[in-house]
Amino acid sequence: MSGQVTLTTDANAPVAVIVIDNPPVNALGPEVVDGLSSAFDRAERDAAVRAIVVMGAGRTFIAGADIKELEQAAWGGGSGPPDIHDLLARIEDCPKPVIMALHGTPLGGGLELAMAGHYRVALKDTRMGQPEVNLGIIPGAEGTQRLTRLVGVEKAIDMCVSGKPIGAPEALAAGLVDRLINGDLREGAIVFARDVATGGIAHPKTRDRRDRLGTPESNAPIFAAGRDLARRTRRNMLAPLKVVDAIEAAATLPFPEGVRREKEIFFECLRSDQCKALVHAFFAERAVSKVPDVPKNTATTPVETVAIIGAGTMGGGIATACANAGLQVVLADVGREAVERGMAGIRRSYESSIKRGRLSKDEADRRIGLIREQVGYEGVASADLVIEAVFENLALKKEVFASLDTLAKPGCILATNTSTLDIDEIASMTKRPESVIGMHFFSPAHVMRLVEIVRGRATGVNVLATALALAKRLNKVGVAVRNGPGFVGNRMMFPYMYEAQFLVEDGATPEQVDRVLTEWGMAMGIFAVDDMGGLDVAWRVRQELHQFEEPGARKPVVADILVEMGRLGQKTGRGWYTYTEDRKPLPDPEVVALIERTAAAAGIARRPVGDEEIRERAIYALINEGARVLEDGIALRAADIDVIYLTGYGFPAYRGGPMFCADQIGLAKILDRVTAFHRDLGQRWAPAPLLARLAKEGSTFREYDAARDASAPA
Ligand code: 3H9
């Protein structure tokens, strides 16, 4: 046995209890596997033991294979996750009943191990599943074979394609769990073990079951629907389609052959770029909260009441996010009408959650009850933290901060939701610049996971730590960035958006650009995004950013005219597209005619623009600016930029984020194209010095991050 697995025998019951203790999540590393083998040796040999319970110490049963080992294997190093096929066979063949006692999040290899036991019991709040597709792989420890046998083809497809865990009551109904335990899990599992050990019954082996596997005729439409689900919901991804193949093998082949097929597919997926990208995204998301000069034990300000200034769409979304996290909220605006409109929007959003079955009416009412309406800003006096979400206009924000400074209590943190403006200038209006910080939420703020947390020159480390902790409490991903026009996300977004607009002026159409970008994997095309956000909003931001543009640089010529025409996007039913009642975008010949006219007037000779040019100009514009953002120190790591784009801008997770994707394409190739665009299209394409340097050294952004992390103080 190892230190990570212990075995004790319950004195009153002839039951051995094996406990896995490998914090933080009891990942299935080699020591755990060896420890389990030895523990089973002992428990089997001990004649006094009549049954064996396996459980996890701490917060969870095994939450899967160790993803660090998967990562090494994906990159061609290390021996990969331990091979547990022999262990699974010996558990299933154990002559004594094996009861898996589940709590927390038995996921991936953890659930696979549990399914090799003869029985599973679980605490009611346990959440279990096969999330491997989220890492670009499929279950590789017989999970596709056993899960299908336990819950049937349809449910197995649903769980493995979505990767979403299910709760214990659902698992009980599906046949994945045999009993729910109220109270103490260990005690409950021992009672269950005693019952089955004395029952004189044969203990079920999952691998021998065929009763839920269906027939080729009954399964054919289920597999077709499963593949359709994978294509629709996990666009362009390999693993979700491949997992259906593995489940089909479970339904059609004898168990050992099904396992062989699963193994082949597992390794095919493990070696894919998608797996590397998704594993990168997993660790990158967890690394963002580690900011070198903000140690883990930094004191934070307790936050129970948050005041939101500005009851518009953004303010309403932030208020909802705070109420969802159980915080007291003051929703303030200058006029009664604005506050009432904001509150009505919040109510509508909760009603829609009730309609979709996501929330009970009681729970929605409880959350709405946490939000207090306030006309004027006096209500901020009770707040521990204020989030200003008024119009994107520097003069207005400065005015608001001057008055917040006089009204908020000492120690209260003053955050601005600005998406582009200078935090230091805003902070300069207060006598507490150390308490001023940016918390840039993304719309809709109660849905989108990203919060860019912007440190000003004077922002205190404890204020930053508090903002990061608040983001976590709101179930969001907070990424610390430095102050600078547009911070990280929008600074990169503008060259990308401009380039898309130049592409249509040069000869493409909004529809073509959006099609190319969505086919490439972006959640939405950039013109659809602009229409959703509001062309007037982008216009306002452009006015603030013009001061940072190179004199004489090319500027888009069509967008301003659309704003003048009142084509503000979805909210006016017309923008780059025309919208149907149900907000479906339709290409608008009037817009194409306008583009042609405006381009001609500006002396631009339109020409056919190919899809490849669109892909390169749009994505490389993003990457080139990303390299500048990194070199300027606005982002701490390339991986932080990736997280920002994955969680806030609809960048496809299976490409790992713009900087990871750049590494995959090859920095030398990108530099080559950027240099050519610089020659042909002008100064805006000047290669970012960091991109040029890394490309010339044959290096990557990943190596750049690793070198910086290694030199950062521990
Ligand atoms: C698999 O099992 C393949 C098999 O089919 C076949 C094998 C042959 N490994 O998320 P948190 C770390 S694939 C290594 O902040 P939470 C994480 O990095 C795997 N490390 O906590 C973090 O470290 P740090 C299938 C892991 O409470 C710390 O734990 N399983 C692993 O919000 C806390 O994590 C999955 O995909 C791991 N497996 O959420 C499950 N898991 O503190 C992936 C976590 O240094 N994990 N860490 O930053 C999760 O979904 C969540 O972490 C979990 C906890 C729900 C478990």
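Looking at residues two or more places apart in sequence or on another chain, you find a side-chain contact (heavy atoms from CB on, under 4.5 Å) between Arg90 and Ser37, Phe40, Asp41, Glu44, Leu87. Partners of Glu170 according to the salt bridge (Lys or Arg N to Asp or Glu O under 4.0 Å) rule, which considers only residues two or more places apart in sequence or in another chain, are Lys155. With sequence neighbours left out, the salt bridge (Lys or Arg N to Asp or Glu O under 4.0 Å) criterion links Glu262 to no other residue. With sequence neighbours excluded, the residues satisfying side-chain contact (heavy atoms from CB on, under 4.5 Å) with Arg212 are Arg209. Residues forming a salt bridge (Lys or Arg N to Asp or Glu O under 4.0 Å) with Asp611 (at least two apart in sequence, or on another chain): Arg515. Residues meeting the salt bridge (Lys or Arg N to Asp or Glu O under 4.0 Å) test with Glu612, sequence neighbours left out: Arg615. By the side-chain contact (heavy atoms from CB on, under 4.5 Å) test, Asp83 is found to be paired with His85, Lys263, residues two or more places apart in sequence or in another chain being considered. Residues satisfying the side-chain contact (heavy atoms from CB on, under 4.5 Å) test with Lys355, not counting sequence neighbours, are none.
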List, one per line, each side-chain donor-acceptor pair under 3.5 Å for residues 175-189, sequence neighbours excluded.
residue: Asp178; atom: OD2; partner: Arg120; partner atom: N; Å: 2.7
residue: Asp184; atom: OD2; partner: Arg186; partner atom: N; Å: 3.3
residue: Asp184; atom: OD2; partner: Glu187; partner atom: N; Å: 2.8

Using residues 61-71 as the side-chain source, report each donor-acceptor pair under 3.5 Å to any protein atom, sequence neighbours left out, with the distance given to one decimal.
residue: Asp66; atom: OD1; partner: Lys68; partner atom: N; Å: 2.9
residue: Glu71; atom: OE2; partner: Arg702; partner atom: NH2; Å: 3.3

Contacts table for residues 651-661: side-chain donor-acceptor under 3.5 angstrom, sequence neighbours left out:
residue: Tyr654; atom: OH; partner: Asn236; partner atom: ND2; Å: 2.8
residue: Tyr654; atom: OH; partner: Trp520; partner atom: O; Å: 3.4
residue: Arg655; atom: NE; partner: Trp520; partner atom: O; Å: 2.9
residue: Arg655; atom: NH2; partner: Trp520; partner atom: O; Å: 3.0

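Under the side-chain hydrogen bond (donor to acceptor under 3.5 Å, both in side chains) criterion, the residue pairs touching residues 193-205 are Asp93-Lys205, Tyr119-His203, with sequence neighbours excluded.
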